[in-house]
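One structure is given below, encoded as C-alpha cells.
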Amino acid sequence: RERDVQKYEVLSCREQREIRDAVYLTSKDQGCWYPEVTPGAPVSRGTVLGTVRDIFGRAIDCYRAEKDGIILYMTVSLAVKAGTPLVAYG
C-alpha cells in the first residue's frame with residue numbers, strides 16, 4: 001500500500017548574523033512596561049524601545065536605543081520590578 005506523503009513548503013531563511021556587542025536594558029524602577037518594538041525589528045540610535053509608567057499612566061522612564069541594532073528579545077509582562085530585563089538588542 002502506498003503511504004501518504006505530506007509535502008512541506010520550504011521557507012526562505014533570513015541570513016544569520018553574529019551579534020558581538022549586545023545591549024541588555026533593565027528597568028530602573030517598578031511600574032508597567034509598554035514596549036514600542038518587537039523581536040527582529042531593526043532599530044536606530046535614539047529609537048524609543050519602550051516606557052515604564054506608573055499605574056496612573058505617567059511616564060517614569062523612557063528607554064531609547066543607544067546604538068543601531070536588531071531587537072533580540074523583550075519582556076512581554078506588563079508589571080516589572082526594578083532590575084527586570086526589558087529588552088535586548090545588538
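Computed from a prediction, not measured in an experiment: that's the story for all the values here. In what follows, residues are counted from 1 in the order of the sequence shown.
- Here Asp29 does not pair with Lys81 in a salt bridge; the nearest charged N to carboxylate O distance is not below 4.0 Å.
- No path of Ile, Leu, Val, Met, Phe, Trp and Tyr side chains, each step under 4.5 Å between heavy atoms, connects Val37 with Ile70, placing them in separate hydrophobic clusters.
- No donor-acceptor distance shorter than 3.5 angstrom exists from the side chain of Thr75 to the backbone of Ser77, with no hydrogens or angles considered.
- In terms of the side chain to side chain contact (heavy atoms under 4.5 Å, CB included) criterion, residue partners of Arg58 (sequence neighbours excluded) are, by chain and number, Asp54, Phe56.
- Linking ILVMFWY side-chain heavy atoms closer than 4.5 Å, directly or via other members, places Leu72 and Leu86 in two distinct hydrophobic clusters.
- Side chain of Arg64 to backbone of Gly46: a donor-acceptor contact under 3.5 angstrom is found.
- Tyr63 approaches Leu25 most closely through the heavy-atom pair CB-CD1, 4.1 Å.
- For the residue pair Ala59 and Thr51, the shortest heavy atom distance occurs at CB-CG2, 3.9 Å.
- The side chain to side chain contact (heavy atoms under 4.5 Å, CB included) search around Leu78 returns Cys32, Tyr34, not counting sequence neighbours.
- Atom OH of residue Tyr89 and atom NZ of residue Lys67 lie 7.0 Å apart, to the nearest 0.5 angstrom.
- Closest approach of Gln30 and Ile60 over heavy atoms only: O-CD1, 3.6 Å.
- To the nearest 0.5 Å, atom CD of residue Glu36 and atom CD1 of residue Ile71 are 11.5 Å apart.
- The aromatic rings of Tyr73 and Tyr24 lie tilted to each other, with the angle between the two planes from 30° to 60°.
- When every heavy atom of Cys62 is checked against every heavy atom of Val48, the shortest pair comes out as SG-CG1, 3.9 Å.
- The two residues Ala65 and Ser44 come nearest to each other via the heavy atoms CB-O, 3.5 Å.
- Across Asp68 and Arg45, no two heavy atoms sit closer than the pair OD1-N, 2.8 Å.
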